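See below for the structure under consideration.
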2 protein chains.
Amino acid sequence: MNYGLIGNIVVSGNRVMARPREFDPKTALDRIQRAFWEKGYHGTSMQDLERITELKKQSLYREFGNKDAMYARALKLYHERDITHLAQVICKAPDAKQRFVDLFEAVLEPVRNGDRSGCFLCNSAIEHAHDDPQIQLNAQEGIKSTQDLFNTALAVSEPYKGNAALRKQKANLLAAGYFGLRVMVRGGTPLDELEETVSVLVSTI
Amino acid sequence: MNYGLIGNIVVSGNRVMARPREFDPKTALDRIQRAFWEKGYHGTSMQDLERITELKKQSLYREFGNKDAMYARALKLYHERDITHLAQVICKAPDAKQRFVDLFEAVLEPVRNGDRSGCFLCNSAIEHAHDDPQIQLNAQEGIKSTQDLFNTALAVSEPYKGNAALRKQKANLLAAGYFGLRVMVRGGTPLDELEETVSVLVSTI
DNA sequence: TTCATTATGGACACATCGGTCCGTAATACA
DNA sequence: TGTATTACGGACCGATGTGTCCATAATGAA
């Protein structure tokens, strides 16, 4: 049994393990991520994290190290879970157009539930563009991989299947529209306007 | 002679005026705006503002009130100057397509000069979406007015001139792409990728 | 029991934050 | 000259921020 990383010290399982952890690190990280996603790095204090995780700060520091590490973990989780989720959504339907209908529906679905957090990747890129080169690099790669994802999603149907140049152009167009849409979500654009924008985006396919 | 607003107190000019202001409030506000634009509200401290304006904090407080007021003034200046600038750019050319070529060129021009601040409106919307309803409202209106601006810009040429529904759709598409593009700028996307995205956006007109 | 670990409460260090106040010098007009 | 205003230096305030330390209790396995 491996308890994983605690701070920077690896705790192996073949030792005398005493009082077990009472909280679930995954749900803790999940809540931390939600906080950073909604309110940003500066907008989220350690007090906030204590409150929403229902953990004391000592436990948080023991588990994750420091605030920066928590933010990095949150961003990583976003990539591993939420981006991957979109990647799965977009590859289900058998034709390109329907794929993007599904994708944009997955984007609007949280909005219908009152969640206007937008895109964590975009948010972090904008908040830390001018002070954290690591996050900037992460954002850059995220943008790139979104374009690539859209590209492969288009490749299932003609004329994109047989025309790589056209495919890349369309992928870029859809990616720009996608990022813009997510900014509009966070910016408070009414749902019907968002839906209209989605339908126009899809109609370009 | 009217020295305008100092804090909330109007200083009328028919009194014995003594030592005149030695700095230019406009250039001070200009630098304040640039700082907020680049680094955001939380990322910009009063110390930063003192440094970049070359003013002491007492002068800043006397002139603008407090940090929130400075940020509000910066946002207002963005609307009055930078948005208006785009509005002028986009209305020069005689046909719709060229108008958006000009617009996107105006967006990329700062990037060519190494300025990747992006869109102050988007940045503020994302940073304050969940804590300041006033800024959220401002962002919402900014998004709306951008769509409207694009709409009127399209109205100069057929088929948009005679087809309001099509015009609105295209305006929404271009607006989403525009916002996405500006996020990509701040996210560090390479210039050639940005140019490619622009050319695809323009080609939809 | 002993030992290693987790959890908690509380104090506290240290920096930074926005913001205020005071004393003093400089400036311009009456 | 006196008066009103601006500018500056510097001290200072209270709040908040991240992060550490310590003592103590709880827990489970050897």
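Quick note on labels: first sequence line is chain A, next is B, and so on, each numbered from 1. Being a predicted model, the structure only gives us computed values, none of them experimental. Values reported hereafter were calculated over all heavy atoms of this structure, with side chains retained and with hydrogens, waters and symmetry mates removed.
At a threshold of 4.0 Å, the pair Lys76(A)-Glu80(A) counts as salt-bridged, since one of the basic side-chain nitrogens sits closer than that to a carboxylate oxygen.
The number of heavy atoms from other shown groups lying within 6.0 Å of CD (Glu105(A)) is above 12.
The distance from atom CG of Asp24(B) to atom C1' of dT6(D) is 15 Å, rounded to the nearest whole Å. The interatomic distance linking Glu54(B) (CD) with dT6(D) (P) rounds to 20 Å, in whole Å. Across the protein-nucleic acid pair, Tyr61(B) atom OH and dC8(D) atom P stand 16 Å apart, rounded to whole Å. Taking atom CG of Leu60(A) as the reference point, atom P of dG19(D) lies 11 Å away to the nearest angstrom. Atoms NZ (Lys67(A)) and P (dG19(D)) sit 8 Å apart, rounded to a whole Å. Rounding to whole angstrom units, CG of residue Asn66(B) and C1' of dT20(C) are separated by 13 Å. Whole-Å rounding puts the Glu63(A) CD to dT6(C) C1' distance at 11 Å. Taking atom CZ of residue Arg62(A) and atom P of nucleotide dT20(D), one finds them 13 Å apart after rounding to whole Å.
When each of dG19(D), dT8(C), dA7(D) is scored by its nearest atom to the side-chain atoms of Ser59(A), the top-ranked nucleotide is dT8(C).
Between Phe120(B) and Trp37(B), the two ring planes are parallel [angle under 30°; tilted spans 30° to 60°].
At a cut-off of 3.5 Å, with distance as the only test, no side-chain donor of Gln147(B) or Asn151(B) sits close to an acceptor on the other residue. The closest side-chain donor-acceptor pair between Asn113(B) and Glu109(B) falls under 3.5 angstrom.
Tyr160(B) is linked by a ring pair (Phe, Tyr, Trp, His ring centres under 6.0 Å) to nothing, counting only residues two or more places apart in sequence or in another chain. Residues meeting the side-chain hydrogen bond (donor to acceptor under 3.5 Å, both in side chains) test with Glu195(A), sequence neighbours left out: Arg112(A). In terms of the salt bridge (Lys or Arg N to Asp or Glu O under 4.0 Å) criterion, residue partners of Asp48(A) (sequence neighbours excluded) are, by chain and number, Lys39(A), Arg51(A).
Residue pairs that meet the ring pair (Phe, Tyr, Trp, His ring centres under 6.0 Å) test with at least one member in residues 178-205 of chain A, sequence neighbours left out, are Phe150(A)-Tyr178(A).
Non-hydrogen atoms lying under 4.0 Å from DNA chain C are contributed by nothing in residues 25-52 of chain A.
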Where do N or O atoms of nucleotides 9-11 of chain C meet protein N or O atoms at under 3.5 Å, pair by pair?
from, atom 1, to, atom 2, distance (Å)
dG9(C), OP2, Lys56(A), NZ, 3.4
dG9(C), N7, Gln58(A), NE2, 3.1
dG9(C), O6, Gln58(A), NE2, 2.7
dG10(C), O6, Gln58(A), NE2, 2.5

